Peer 1: 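Take this structure, written in structure tokens, and hold onto it; I'll ask about it next.
Whatever order the structure lists ligands and atoms in, that order sets their numbers, starting from 1. Just so you know, these numbers come straight off a predicted model, no measurement behind them.
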Amino acid sequence: MTSQTIHPVLGVGFGPANLSLAVALEERDRAGTAHFIERSTDFQWQREQLLSGADIQNNPFRDLAMPRNPASPYTFVKYLASQGSLTDYLHLNAKFPLRREYAGYLTWVADAFRKQVDYGRSAVGLSLVQGEDGGEVFRVETDDGGEYLGRTVSVGTGRSPRVPPAFQRSVGPRVFHSTRYLSSIERLGDRPPLRVVVVGASQSAIEIILDLLARPQVQQVVSVHRTIGFRLKDTSPYSRRVFLPEFVDYFHPLSNAKKRRLRDDLRSVNYAACDQDVIDRLAGAQREFELTGSERLLMKPFSEVVVSRSEGQGQRLILRDVNHLTEETLDADVVVLATGFRDFGSEQGDEPYHPLLEGIAHRLPLDEDGVPVVARDYSIELKSPADSPQPLRVYLNGLCEASHGMGDAGALAMLSVRATDIADSLQRDLLRDHEELVASGTSP
Ligand SMILES: Cc1cc2nc3c(=O)[nH]c(=O)nc-3n(C[C@H](O)[C@H](O)[C@H](O)COP(=O)(O)OP(=O)(O)OC[C@H]3O[C@@H](n4cnc5c(N)ncnc54)[C@H](O)[C@@H]3O)c2cc1C
């Protein structure tokens, strides 16, 4: 039994997803009910890919609050105005703001919630313990030996990087995922000449290739991908309906098989596809190299890496043509894995659930595929003993693509509506109970 503070809502991770939840709770005068733990030493958004010229890929007005409450003090417009840059921004007439500008907006909002966040603490375990009142509460353990207690937990950690099997034993300073791009490439210093292999055909892959080509120490960039090349993202407003709340209502009740079919069908809205502007920039650069006889950029389409082993300072890769099954060897100084993120589900390479849930795995209700059942309000109701007064819930904030559809793949456009759904659900029972406890003087 423990006498520590029990937070009504304990958030793990303080990226845009849980930040948006903090905004939604404050709007309901319930800011004090939530506390967050964040691994980074300060707020950051995609810091490792804050590349020069990169822009965001959603309407900036579908921000942390605007779709729910246009009068919120935490909208992108309010941020621009607070910086005295509203006119400058509007004058640009840009379709999408630079990633750097949007990161500035998110950081500005996060600053307002600083008191509710413990930065520099990484959650390493989640379990259930007995609270002072005898009921069960969640216990989150941190990497520095600390612990936090919560009546419910909102897991907003983002997904784990996907590392293809061939690279699983070679990840290190010279073989790294795109989520470690800037710090890793900068750590290598300006020692020329580097031959860098970029694996993948995603938006991240093409942005990283463009960034590498602007670095003088990079002698050659080799782009390895299984497809024919960089394909256009499906930006039709009809396909992009996946980013509307109505789509979540339509998708959530479907069977797993139908969800899988629909996700496959809509893949190019978000995966292995790129924006027109970066495709144009890369195709232009490639033509320039061809005209000048330069081999600075090499394309290896229809290829996958089947073996990666260290060879001296570098890496020796064996590539296989996915159609002809012919193999070739390629030596690299550095390999960047722009290979995306692991989904939660039962497909090959998926994780059945977030690794943090391992400690409560025995209490997770599973569906026919062995994957936890996530309700429309983004919560998993844990299996409880028969005499339990009320069921325990853990919320998955931004981790529900398999159950809720493409809009949940961390898309910024869905943040505020998802935060509304979660805050509504919390308010329905958990926070109401908390208020009763506070009124009766039995809770802080
Ligand atoms: C380069 C890049 C650009 C993108 N651009 C866009 C875009 O323009 N538009 C769009 O809609 N989507 C975009 N996305 C998708 C992206 O998922 C969202 O932008 C957004 O970051 C999702 O927010 P999140 O809070 O769910 O996850 P994250 O942003 O990943 O935040 C999760 C936070 O949790 C912390 N954390 C993780 N594990 C732990 C732990 N165990 N303990 C404590 N803290 C932890 C992390 O440090 C991080 O701060 C982009 C993704 C990438 C990789």
Side-chain angles (χ1 to χ4, degrees), residues 10-22 35-51 54-60 62-64 76 95-103 105-107 109-110 117-126 140-144 146 148 153-162 177-182 200 202-208 211 233 235 240 242-243 269-271 274-275 278 338-341 354-359 378 395-401 406-416 418-419 422:
L10 185 56
V12 179
F14 200 61
N18 269 342
L19 172 59
S20 191
L21 179 61
H35 194 82
F36 300 90
I37 310 161
E38 166 55 46
R39 175 190 289 163
S40 300
T41 50
D42 217 332
F43 183 84
Q44 57 82 36
W45 176 60
Q46 309 300 354
R47 183 183 282 158
E48 293 279 352
Q49 279 172 268
L50 222 47
L51 306 177
D55 58 9
I56 70 160
Q57 286 130 44
N58 60 290
N59 188 315
R62 291 183 71 180
D63 57 26
L64 295 166
F76 180 55
K95 190 171 177 198
F96 300 116
L98 292 173
R99 195 173 289 157
R100 199 174 296 285
E101 183 136 52
Y102 220 64
Y105 156 61
L106 296 169
T107 307
V109 179
V117 188
D118 288 348
Y119 286 102
R121 305 197 97 176
S122 187
V124 291
L126 177 65
V140 170
E141 198 188 322
T142 53
D143 54 346
D144 53 4
Y148 293 81
V153 173
S154 168
V155 183
T157 52
R159 293 177 290 177
S160 317
R162 185 186 290 275
H177 190 261
S178 55
T179 47
R180 297 193 179 275
Y181 172 66
L182 277 177
S202 58
Q203 174 78 16
S204 284
I206 199 166
E207 286 181 4
I208 285 172
D211 185 80
K233 197 176 273 180
T235 55
R240 290 181 60 83
V242 296
F243 299 118
V269 173
N270 205 38
Y271 294 111
C274 313
D275 289 339
V278 280
T339 41
F341 296 87
H354 192 283
L356 209 53
L357 302 190
E358 194 53 55
Y378 302 93
Y395 288 81
L396 303 183
N397 193 358
L399 305 172
C400 298
E401 181 173 341
M406 191 78 83
D408 214 74
L412 297 175
M414 289 294 283
L415 288 178
S416 68
R418 189 174 62 229
I422 296 178

Peer 1: Starting from the C-alpha separation in whole Å, work towards a yes-or-no answer on side chain to side chain contact (heavy atoms under 4.5 Å, CB included) for Tyr378 and Asp408.
Peer 2: CA-CA 10 Å; Tyr378 302 93; Asp408 214 74; 3.3 Å; yes
Peer 1: For Tyr148, run the side chain to side chain donor-acceptor pair (under 3.5 Å) check against His35, Glu141, Arg121 and tell me which one passes.
Peer 2: Arg121
Peer 1: What is the distance from atom CG of Leu415 to atom CG of Asn397, rounded to the nearest 0.5 Å?
Peer 2: 8.0 Å
Peer 1: Quick one: which ligand 1 atoms are inside 4.0 Å of a heavy atom on Ile37?
Peer 2: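 Close to Ile37: 43 (C), 44 (N).
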Peer 1: Could you say whether the N/O atoms of Asp55 and ligand 1 ever approach to under 3.5 Å?
Peer 2: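 No, since none of the N or O atoms of Asp55 sits under 3.5 Å from an N or O of ligand 1.
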Peer 1: Using every non-hydrogen atom in the two residues, find where Ala110 and Phe14 come nearest and quote the distance to one decimal.
Peer 2: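 Between these two residues, the closest heavy atoms are CB-CE2, 4.2 Å.
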Peer 1: Heavy-atom pairs closer than 4.0 Å: do any link ligand 1 to the side chain of Gln203, the backbone, both, or neither?
Peer 2: neither
Peer 1: Among all protein heavy atoms, pick out the one at the shortest distance from atom 9 (N) of ligand 1; state its residue, atom name and that distance to 0.1 Å.
Peer 2: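 I find the closest protein heavy atom is Asn58 OD1, 2.9 Å.
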Peer 1: For the CD atom of Glu401 and the CG atom of Asn270, what is their distance to the nearest 0.5 Å?
Peer 2: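 Reported value, rounded in 0.5 Å steps: 7.0 Å.
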Peer 1: For atom 23 (O) of ligand 1, which of the options Gly120, Gly15, Pro16 provides the nearest non-hydrogen atom?
Peer 2: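 Closest candidate by heavy-atom distance is Pro16.
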Peer 1: Under a 3.5 Å distance rule, please check whether Asn18 uses its side chain to pair with a backbone N or O of Val12 as donor and acceptor.
Peer 2: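 Flag set: sc Asn18 to bb Val12 pair under 3.5 Å.
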Peer 1: With only distance considered, is Ser204 within less than 3.5 Å of ligand 1 through an N or O on each side?
Peer 2: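 N/O-N/O distance below 3.5 Å does not exist for this pair.
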Peer 1: Just checking Tyr102 against Phe76, ring centres under 6.0 Å apart?
Peer 2: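 Ring centres of Phe76 and Tyr102 closer than 6.0 Å.
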Peer 1: Of all the atoms in ligand 1, which lie at a distance below 4.0 Å from a heavy atom belonging to Ser122?
Peer 2: 40 (C), 41 (N), 42 (N), 43 (C)
Peer 1: Pick whichever of Ala123, Gly158, Ala413 has a heavy atom sitting closest to atom 40 (C) of ligand 1.
Peer 2: Ala123
Peer 1: In the protein, which heavy atom is nearest to atom 34 (O) of ligand 1, and how far is it?
Peer 2: Gly13 CA, 3.3 Å
Peer 1: Any idea which part of Val12 is under 4.0 Å from ligand 1, heavy-atom wise: side chain, backbone, both or neither?
Peer 2: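 Under 4.0 Å from ligand 1, Val12 contributes side-chain atoms alone.
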Peer 1: Taking 4.0 Å as the limit for heavy-atom contacts, which would you say applies to Gln46 with ligand 1: side chain only, backbone only, both, or neither?
Peer 2: side chain
Peer 1: If you compare all heavy atoms of Arg418 against all heavy atoms of Ala17, which two are closest, and at what distance to 0.1 Å?
Peer 2: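 Of all heavy-atom pairs spanning Arg418 and Ala17, the closest is NH2-CB, 3.6 Å.
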Peer 1: Let me confirm one number: the CG-CD1 distance from Asp143 to Ile37, rounded to the nearest 0.5 Å.
Peer 2: 10.0 Å
Peer 1: What is the closest protein heavy atom to atom 8 (O) of ligand 1, and at what distance does it sit?
Peer 2: Gln57 N, 2.7 Å
Peer 1: Going by distance only, is there an N or O of Asn397 that falls short of 3.5 Å from an N or O of ligand 1?
Peer 2: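 In fact, backbone or side chain, Asn397 has no N or O that close.
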Peer 1: Show the nearest heavy-atom pair for residues Cys274 and Val278, with the distance to one decimal.
Peer 2: CB-CG2, 4.2 Å
Peer 1: Tell me whether Leu412 has any N or O atom under 3.5 angstrom from an N or O of ligand 1.
Peer 2: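 In this structure, Leu412 places an N or O atom under 3.5 Å from an N or O of ligand 1.
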Peer 1: Output yes when the distance from some N or O of ligand 1 to some N or O of Gln49 is under 3.5 Å, and no in every other case.
Peer 2: no
Peer 1: Identify the two heavy atoms, one from Ala123 and one from Leu356, that lie closest to each other, and give their separation to 0.1 Å.
Peer 2: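 Looks like O-CD1, 3.7 Å.
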Peer 1: Looking only at distances, can you tell me whether any N or O atom of Trp45, backbone or side chain, sits closer than 3.5 Å to an N or O atom of ligand 1?
Peer 2: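 There is such a contact, yes.
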Peer 1: For Ala411, take its heavy atoms, then give the atoms of ligand 1 lying under 4.0 Å from any of them.
Peer 2: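 Listed by number with element: 11 (O).
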Peer 1: Is there any N or O on Gly398 that sits under 3.5 Å from an N or O of ligand 1?
Peer 2: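 No, there is no polar N/O contact under 3.5 Å.
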Peer 1: Just to confirm my output: which protein heavy-atom neighbour is closest to atom 37 (C) of ligand 1, and how far is it?
Peer 2: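 For atom 37 (C) of ligand 1, the nearest protein heavy atom comes out as Thr157 O, 3.4 Å.
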Peer 1: Kindly indicate whether atom 25 (O) of ligand 1 is approached by any protein heavy atom to under 4.0 angstrom.
Peer 2: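 Given the 4.0 Å cut-off, atom 25 (O) of ligand 1 counts as touching protein heavy atoms.
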Peer 1: Counting each atom of ligand 1 from 1 as listed, which ones have a heavy atom of Arg121 under 4.0 Å away?
Peer 2: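 This gives 43 (C) as the contact atoms.
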Peer 1: Kindly compute the distance separating NE2 (His177) from CZ (Phe341), expressed to the nearest 0.5 Å.
Peer 2: 5.0 Å
Peer 1: Step by step, work out the side chain to side chain contact (heavy atoms under 4.5 Å, CB included) result for Asp55 and Glu101.
Peer 2: CA-CA 9 Å; Asp55 58 9; Glu101 183 136 52; over 6 Å; no
Peer 1: Short list, please: which atoms of ligand 1 are under 4.0 Å from a heavy atom of Ser40?
Peer 2: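 Selected atoms, number and element: 47 (O).
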Peer 1: At what distance is the nearest protein heavy atom to atom 22 (C) of ligand 1, and which residue and atom is it?
Peer 2: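 Ranking protein heavy atoms by distance from atom 22 (C) of ligand 1, first comes Gly410 O, 3.4 Å.
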Peer 1: By number and element, which atoms of ligand 1 are closer than 4.0 Å to a non-hydrogen atom of Gly156?
Peer 2: 32 (C), 33 (C), 34 (O)
Peer 1: Considering non-hydrogen atoms of the protein only, which is the closest contact for atom 44 (N) of ligand 1, and what is the distance?
Peer 2: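 Result for atom 44 (N) of ligand 1: Arg39 N, 3.0 Å.
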Peer 1: Using non-hydrogen atoms of the residue, decide whether Arg99 is closer than 4.0 angstrom to ligand 1.
Peer 2: yes
Peer 1: If you compare all heavy atoms of His354 against all heavy atoms of Leu399, which two are closest, and at what distance to 0.1 Å?
Peer 2: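 Looks like CD2-CD1, 3.9 Å.
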Peer 1: Give a yes or no on this: more than 12 heavy atoms of other residues, nucleotides or ligands lie within 6.0 Å of atom CZ of Arg162.
Peer 2: yes
Peer 1: Any N or O of Glu38 that comes nearer than 3.5 Å to an N or O of ligand 1?
Peer 2: yes
Peer 1: I need the minimum non-hydrogen distance between Tyr119 and Thr41, along with the two atoms involved.
Peer 2: CB-O, 3.4 Å
Peer 1: For Gln44, state whether at least one heavy atom is located under 4.0 Å from any atom of ligand 1.
Peer 2: yes
